[in-house]
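Reviewing the structure listed below.
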Amino acid sequence: MRLYVGGLPYQTDEQELREVFGQIGVVTFATVITDRDTGRSKGFGFVEFEDDEQARAAIEQLNGSTLGTRTITVNEARERPAGGRGGYQDRRSQGGYRDRRY
DNA sequence: AATGAGCGA
């Protein structure tokens with residue numbers, strides 16, 4: 001289950017995400033979104049847990065917590081829209097996203 | 001160098 005992690009300090013990197021979320025469960029994937037041109041962090045990222053309940057536990061425990069100076073936001077990541085230039089991770093059935101629109 | 005809600009090259 002992927003988690004959206006927002007409100008990160010601009011200095012935070014995926015390594016730190018792994019540390020923090022790794023305290024809750026097994027992190028199978030973590031990334032901090034950086035601006036492709038400037039390389040600066042956009043202040044948010046994604047984390048995936050090997051187990052859904054760990055992810056939920058992470059949401060409860062880490063959402064609203066503070067990382068450094070900022071208060072971070074943690075909740076279930078949205079599904080990336082299919083189609084488009086391809087090159088995305090496989091969108092597996094995560095149930096409940098069928099008609100999500102935004 | 002700086003920015004501050006956001007859902008990703």
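Below, each value reflects all heavy atoms present in this structure, side chains not excepted, and no hydrogens, waters or symmetry copies. Just so it is clear: chains get the letters A, B, ... in the order the sequence lines come, proteins before strands, and each one is counted from 1. The structure displayed is predicted, hence computed values, not measured ones.
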Reckon [X] touches a base, only the sugar-phosphate, or nothing at all at heavy-atom distances under 4.0 Å?
X       : value
A:Leu3  : nothing
A:Thr31 : base
A:Gly45 : nothing
A:Gly43 : base

**Prompt:** Is A:Phe46 stacked on the base of B:dC7, meaning ring centres closer than 5.5 Å and planes within 30 degrees of each other?
**Reply:**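 No; centroid distance or tilt outside limits.
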**Prompt:** Are the ring of A:Phe44 and the base ring of B:dG4 both nearer than 5.5 Å at their centres and tilted by less than 30°?
**Reply:**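 Answer is no, no stack.
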**Item:** Which residue lies more 5' along DNA chain B, comparing A:Asp35 with A:Ser41 via nearest heavy atoms
**Value:**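 Nearer the 5' end of the strand: A:Ser41.
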**Message:** Is it the case that B:dG8 (base atoms only) and A:Arg2 (side chain only) share a donor and an acceptor within less than 3.5 Å, ignoring hydrogens and angles?
**Reply:**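 Result: at least one qualifying N/O pair found.
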**Message:** For B:dA5, does the base pair up with any side-chain atom of A:Tyr10 as donor and acceptor (N or O, under 3.5 Å, distance only)?
**Reply:**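 It does, because a donor-acceptor pair links the side chain of A:Tyr10 to the base of B:dA5 below 3.5 Å.
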**Message:** Checking contacts here: which listed nucleotide (B:dA9, B:dC7, B:dT3) is nearest the side-chain heavy atoms of A:Ile33?
**Reply:**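 Selected nucleotide: B:dA9.
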**Prompt:** Side chain of A:Arg70: nearest nucleotide among B:dA9, B:dG4, B:dG8?
**Reply:**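 Selected nucleotide: B:dG4.
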About how many Å separate [atom2] of [Y] and [atom1] of [X], when rounded to the nearest 0.5 Å?
X       : Y       : atom1 : atom2 : value
A:Arg56 : A:Glu60 : CZ    : CD    : 9.0 Å
A:Tyr10 : A:Asp35 : OH    : CG    : 11.0 Å
A:Thr28 : A:Arg2  : OG1   : CZ    : 10.5 Å

Could you tell me how far apart [X] ([atom1]) and [N] ([atom2]) are, to the nearest whole angstrom?
X       : N     : atom1 : atom2 : value
A:Asn75 : B:dG6 : CG    : P     : 10 Å
A:Asp37 : B:dA9 : CG    : C1'   : 10 Å
A:Glu14 : B:dA9 : CD    : P     : 13 Å
A:Phe29 : B:dC7 : CZ    : C1'   : 13 Å
A:Gln11 : B:dT3 : CD    : P     : 13 Å
A:Arg40 : B:dG4 : CZ    : P     : 13 Å
A:Asn63 : B:dC7 : CG    : P     : 15 Å

**Prompt:** Where the side chain of A:Gln54 meets the backbone of A:Val26, is there a donor-acceptor pair that is under 3.5 Å apart?
**Reply:**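 Pair found, side chain donor or acceptor close to backbone of A:Val26.
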**Asked** Given the side-chain rings of A:Phe44 and A:Tyr4, with only the six-membered ring counted for Trp, is the space between their centroids under 6.0 Å?
**Response**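 Under 6.0 Å, so yes.
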